[in-house]
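Okay, so here's the structure we're looking at.
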Amino acid sequence: MKSYSFEDIKRIDYSKYAPLFALVILIILSALASEHFLKFRNITNILRQVSYTGTIALGMTFVIVAAGIDLSVGSMVALVGVLAIYLMNYLGTSVFAVVAAVFVAILVGSLCGAVNGLIVTRGKITSFIATLATMSIFRSLTLYVSEAGEVISHNDIYPEIGGGYFLNIPYPVLIFLGLAVFFHFLLNNTAFGRHVCAVGANRQVAIYSAIKVRWVTFMTFVISGFTVGVTAILLSSRLNSVSPGDAGIFYELDAIAAVVIGGTPLAGGKGTIWGTVIGAIILGIINNMLNMLGVSPYLQGTVKGLIILIAVLAQYKSN
Amino acid sequence: MAHHTDALLSIKRINKEFSGVLVLNDINVDINGGEVFGILGENGAGKSTLLKIICGVYTPTSGTITLKGTPVSITSPMKAKRLGISMIPQEFNLIPTLTVFENIFLGSEIKNGALLNKKAMREKTSSLLAELKTELSPDALIVNLSVAEKQMVEIAKALVHESDILIMDEPTTVLTSVEIAVLFDLIARLKEKNVTILFISHKLNEVKNICDRILVLRDGDQISVNDIDEVDEQDMARKMVGRELSQVFPDKSVPEDEEVLRVENLSDLKLLKNISFSLNKGELLGFSGLIGAGRTELAECIMGLRPRSSGDIFVKGEQAQIDSPLDALDYKLAYLSEDRKGKGLLMSFGIPENISLISLAKYTNLFINKKKVQQSTDGYIEKFDIKAASLKAELDYFSGGNQQKVYLSKWMDTDPSILVLDEPTRGIDVNAKREIYHFINSLVTQGVSCILISSELEELIGLCTRILVMREGRITAEMTGEHINEEEIMFSAAGVKDMNQTTKEETSEIL
Ligand SMILES: Nc1ncnc2c1ncn2[C@@H]1O[C@H](COP(=O)(O)OP(=O)(O)OP(=O)(O)O)[C@@H](O)[C@H]1O
Ligand SMILES: [Mg+2]
């Protein structure tokens with residue numbers, strides 16, 4: 001009875017590669033709409049824009065595949081950014097200060113993620129509520145620590161991270177894509193990644209299959225926090241400052257949108273990192289095109305919203 | 001049946017393809033009003049698919065269905081209900097976070113204007129449950145029910161519509177003899193009201209007992225339609241499998257003297273009270289009892305899935321600290337749950353991902369070696385003869401019996417030395433059952449120790465060298481060798497002989 005028919009192929013491949021098709025179509029349309037679109041400089045600019053929320057979306061993918069959600073990432077960016085710059089300014093203008101700041105940013109991000117993870121796994125509070133609360137807490141702590149004023153770095157080396165290039169490609173883009181490769185293998189090829197999928201697909205089955213469900217759930221939040229730490233560095237070094245009230249605003253929405261457009265169902269259980277990368281790039285291209293075409297910035301949110309709806313509808317149809 | 005006029009339901013030239021694979025090939029049957037019509041076949045033969053076509057879950061690729069003389073196209077379960085057809089599905093279709101009565105009336109709520117009439121729904125639910133002799137509250141949450149209780153809710157849910165045609169896809173697999181008797185009583189009463197029942201079961205004695213006629217399917221082909229008097233169980237099996245079935249139960253092997261598992265005075269927070277027993281190397285120990293006797297709870301306690309309030313577990317003579325399934329795995333314990341879909345398998349995953357889920361470490365060094373996983377998966381597919389339209393598909397698309405084989409493979413891949421099997425042949429056809437019996441027996445002869453929890457007495461008696469009977473969280477009887485006796489088991493399970501001196505003595509002997 002073994003046989004793979006045309007219909008089989010259609011069923012599996014369509015839903016899996018839908019984001020890729022959407023990206024290709026979008027690139028063709030954009031190239032037709034604007035001659036500037038395909039210029040190297042424009043492409044790297046889009047990718048740089050994408051890399052901030054894109055990096056967070058990588059971590060968010062793990063959380064969502066495990067059937068959770070992390071709403072606190074935006075506030076966390078601000079908190080981590082502010083703390084990192086404070087530390088760096090305290091340590092002076094040396095390279096060491098920068099290295100220490102990067103290290104601490106990633107550490108603090110992961111710790112904030114761990115706090116989320118503990119509330120969810122030990123406190124048994126659903127991730128939506130838990131991270132809604134920490135979203136508010138992280139933002140308020142940021143404002144308190146900085147007294148709501150802009151925090152500016154005094155280190156000349158620091159901006160090099162967010163603004164520098166290697167082979168004409170901005171560092172943030174390289175870091176984003178590098179992390180994507182790493183997380184792709186983590187999700188797809190390791191026991192941990194498989195366990196994340198299992199926990200999201202059916203918690204009960206995961207428990208009966210001797211999987212450390214709590215630990216796995218906890219770790220997805222730590223990963224999310226880790227990616228926030230990275231983004232906080234990329235963003236604050238690019239701007240050489242953090243404004244505690246605005247930094248990271250709506251990042252959680254962009255990150256979740258990228259994950260969903262990339263084909264990961266919000267219900268969890270499965271998902272791909274490359275889908276998320278494509279989802280993030282789709283969002284970036286749309287922003288870019290709307291700017292180039294002179295569409296009012298106020299309308300851009302509408303377009304983004306529609307794209308998310310279409311992506312989710314497409315998933316529904318294919319299931 | 002002497003002078004039936006036209007058939008109630010007439011199925012003509014039905015074909016069904018899934019992604020190009022033909023799973024039903026030219027089915028033609030006429031079903032009469034008020035008869036119990038059995039459908040038999042091996043796992044994956046197409047029984048559920050045929051019934052799902054009749055109740056509007058699937059549409060046939062070609063063919064016609066005629067109801068009371070008029071051709072109908074049954075495009076959805078809603079439409080089927082309007083035509084007077086309802087179904088008790090093979091897989092549970094209940095919403096875990098809702099209560100019993102909310103599930104029973106899901107989609108057909110009784111309303112008082114715009115508001116729900118909860119009182120009426122509760123009352124109706126109570127009377128249905130009373131008819132099923134089930135002591136379940138209409139307000140119990142589905143999540144908290146055992147599989148047998150869920151099954152009873154499914155039955156009640158189908159009864160609420162008072163349909164002319166009631167489809168039952170393996171309703172008895174998770175029930176014990178007591179509930180089955182209740183169900184059969186009900187079927188007899190429905191039959192008197194001229195309700196037609198389509199009935200699938202792998203238990204051939206049941207089919208022989210309650211069906212008027214039977215249809216046998218094999219690999220999607222219609223093999224025969226017979227009056228029940230024309231065939232015996234042997235014939236049925238032969239028709240299903242396509243050849244003579246040899247010895248169903250293997251010869252019992254003799255356990256060794258070495259003790260591998262001892263449970264002492266185990267109690268849990270709710271049900272279990274001072275359970276003590278031991279298991280030897282290469283022994284096949286059976287657990288019998290009614291629903292709610294605590295057999296599953298006991299297994300879950302041993303596996304670290306359920307908190308214990310007291311008691312000790314010794315594995316190979318050493319006290320074992322088992323607080324989680326992971327600990328149990330370290331002691332090479334394995335537990336095949338009775339709830340395949342809820343606790344056993346990831347239905348949205350494929351076969352290799354499921355089979356390797358527990359034993360993943362074996363295939364991993366930094367990265368999962370997917371090729372190796374596929375190889376061992378292929379081994380199990382061959383060993384258990386796992387069949388599906390597409391072996392690459394997610395388990396959702398597999399027939400129930402084939403899912404069960406995947407589940408067994410999943411635990412076998414952990415290479416256990418103590419195997420607890422909770423209803424392992426649930427939904428498995430006669431031939432596969434026989435294979436699994438022989439397989440369990442070969443494990444036991446190789447020195448694996450096995451605990452078999454089963455509601456099928458025949459299975460326990462045919463396989464086990466020793467049987468413990470449980471009732472209300474206690475062990476009430478122990479029988480060994482030729483002392484194993486069906487009646488005795490039933491009495492001890494139901495508690496009829498509780499006051500009886502011999503049972504008391506036996507009990508104290510065990511404790
Ligand atoms: N939705 C589906 N998509 C693809 N294939 C399917 C689907 N449903 C069933 N099949 C295939 O159709 C065949 C018949 O399945 P069906 O569920 O009818 O078997 P069955 O006779 O009820 O078996 P069992 O006794 O195990 O329940 C199987 O090969 C199964 O894999
Ligand atoms: Mg079936």
Side-chain angles (χ1 to χ4, degrees), chain A residues 1-16 65-67 121 126 181-216 263-272 315 318-319, chain B residues 17-23 44 96 143 219-220 300 303-305 324-330 333-337 339-349 353-354 356-370 373 381 387-394 397 410-411 414:
Chain A
M1 282 234 262
K2 263 185 243 180
S3 117
Y4 313 109
S5 67
F6 177 63
E7 264 181 73
D8 249 5
I9 292 164
K10 219 168 54 185
R11 182 169 60 80
I12 295 166
D13 290 357
Y14 167 71
S15 64
K16 206 167 162 189
V65 168
T121 55
T126 55
V181 171
F182 171 76
F183 283 130
H184 168 79
F185 282 109
L186 185 64
L187 184 60
N188 238 351
N189 294 75
T190 68
F192 172 74
R194 185 63 59 74
H195 288 175
V196 171
C197 295
V199 168
N202 190 333
R203 232 183 102 81
Q204 195 76 316
V205 171
I207 292 172
Y208 277 71
S209 301
I211 290 171
K212 296 180 198 161
V213 173
R214 278 205 202 141
W215 168 251
V216 170
T264 301
L266 265 186
K270 59 180 176 187
T272 58
Q315 278 183 36
S318 60
N319 283 339
Chain B
E17 287 181 12
F18 284 115
S19 23
V21 181
L22 201 58
V23 299
V143 257
D219 278 341
E300 292 189 346
M303 284 301 286
L305 283 159
S324 73
L326 213 60
D327 296 338
L329 206 58
D330 283 343
L333 263 64
Y335 171 55
L336 196 86
S337 160
D339 189 357
R340 176 175 70 222
K341 201 176 170 191
K343 291 165 180 168
L345 294 171
L346 295 170
M347 303 303 287
S348 56
F349 284 38
E353 290 80 10
N354 269 291
S356 63
L357 191 61
I358 309 172
S359 51
L360 207 51
K362 203 163 84 178
Y363 303 102
T364 310
N365 85 67
L366 191 58
F367 287 158
I368 301 168
N369 185 342
K370 294 187 181 175
V373 173
I381 289 176
K387 282 190 218 147
S390 161
L391 288 168
K392 297 247 152 133
E394 291 101 66
Y397 302 108
K410 175 178 165 179
W411 273 111
T414 67

Part of B:Leu329 lying under 4.5 Å from any heavy atom of chain A: side chain
Can you say whether B:Leu346 sits under 4.5 Å from chain A via the side chain, the backbone, both, or neither, judging by heavy atoms? both
Do B:Lys343 and B:Glu300 have side chains that get closer than 4.5 Å, going by heavy atoms? yes
Roughly how far, to the nearest 0.5 Å, is NZ of A:Lys212 from CZ of A:Phe192? 11.5 Å
Decide yes or no for B:Lys410 and A:Ser209: does some side-chain heavy atom of the first lie under 4.5 Å from some side-chain heavy atom of the second? yes
Which one wins on heavy-atom pair count under 4.5 Å against chain B: A:Asn202, A:Ile211, A:Leu186? A:Asn202
Side chain / backbone / both / neither for A:Ile207 at chain B, heavy atoms under 4.5 Å: both
What part of B:Ser359 gets closer than 4.5 Å to chain A, counting heavy atoms only: side chain, backbone, both or neither? neither
Measure distances from B:Glu353 to the heavy atoms of chain A and classify the residue's part below 4.5 Å as side chain, backbone, both or neither. both
How about A:His195 and B:Leu360: do any of their side-chain heavy atoms sit closer than 4.5 Å? yes
B:Leu333 to B:Trp411 - nearest heavy-atom pair and separation: O-CZ3, 4.1 Å
With a 4.5 angstrom heavy-atom cut-off, could you sort out which part of B:Tyr363 is near chain A: side chain, backbone, both or neither? neither
Step through the shown structure and confirm whether more than 12 heavy atoms of other residues, nucleotides or ligands are within 6.0 Å of NZ on B:Lys370. yes
Among B:Ser324, B:Ser348, B:Gly342, B:Gly304, which residue forms the greatest number of heavy-atom pairs with chain A at distances under 4.5 Å? B:Gly342
